[in-house]
Amino acid sequence: MEINIDVRSHISKQFAFEFDKLKTNDVFYQKNLNLTEVVESISATKYTLETKFKVISESGLRSLIECYKKSGGGIWEAISVFV
């Protein structure tokens, strides 16, 4: 399944860090890009990054949600989550 999450600038670096720590083959950032590199390449101070993930299992989805929560995000902060 494809999951889209809008990540705001105030948690984007921590979210990328937490995502990079995931040890699973069940969640992939769009087109196998490196999320940390994408976040670090943004020069704006305030932004919303439209992220897209491919999730292939329930445990992968749970890992992605936990990663988002650990970074300071909450499901209520996700502008759009499509399953």
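- Using a distance-only test at 3.5 Å, with no hydrogens or angles considered, a donor-acceptor pair links the side chain of S57 to the main chain of G60.
- By the 4.5 Å heavy-atom criterion applied to side chains, K52 and E2 are counted as neighbours.
- Looking at I56 and F28, their side chains come closer than 4.5 Å, going by heavy atoms from C-beta outward.
- Note on V27 and L61: same hydrophobic cluster, where clusters join Ile, Leu, Val, Met, Phe, Trp and Tyr whose side-chain heavy atoms are under 4.5 Å apart, directly or indirectly.
- Looking at Y68 and F19, their side chains never come closer than 4.5 Å, going by heavy atoms from C-beta outward.
- From C67, atom SG reaches atom NZ of K21 across 8.5 Å, with rounding to the nearest 0.5 Å.
- Summarising the geometry of D26 relative to S59, their closest heavy-atom pair is OD2-OG, 3.3 Å, with the distance given to 0.1 Å.
- At a threshold of 4.5 Å between non-hydrogen side-chain atoms, the residues F17 and S71 do not count as touching.
- No donor-acceptor pair closer than 3.5 Å links the side chain of T51 to the backbone N or O of D6.
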*asked:* Show, in sequence, the C-alpha distance, side-chain angles and deciding distance for E66 and R62, and conclude whether the salt bridge (charged side-chain N to carboxylate O under 4.0 Å, His left out) test is met.
replied: CA-CA 6 Å; E66 283 304 311; R62 288 182 185 180; over 6 Å; no
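- Of all the heavy atoms in Q14 and K70, the pair that sits closest is CG-O, 4.5 Å.
- Using cut-offs of 30° and 60° for the angle between ring planes, the F53 and F15 rings count as perpendicular.
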Do any side-chain atoms of residues 35-47 form donor-acceptor pairs under 3.5 angstrom with protein atoms, and if so which ones, sequence neighbours left out?
from : atom 1 : to  : atom 2 : distance (Å)
T36  : OG1    : D20 : OD2    : 2.1
S41  : OG     : V38 : O      : 2.7
Y47  : OH     : S12 : OG     : 2.5

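- Around CD of Q30, the count of heavy atoms belonging to other residues, nucleotides or ligands within 6.0 Å exceeds 12.
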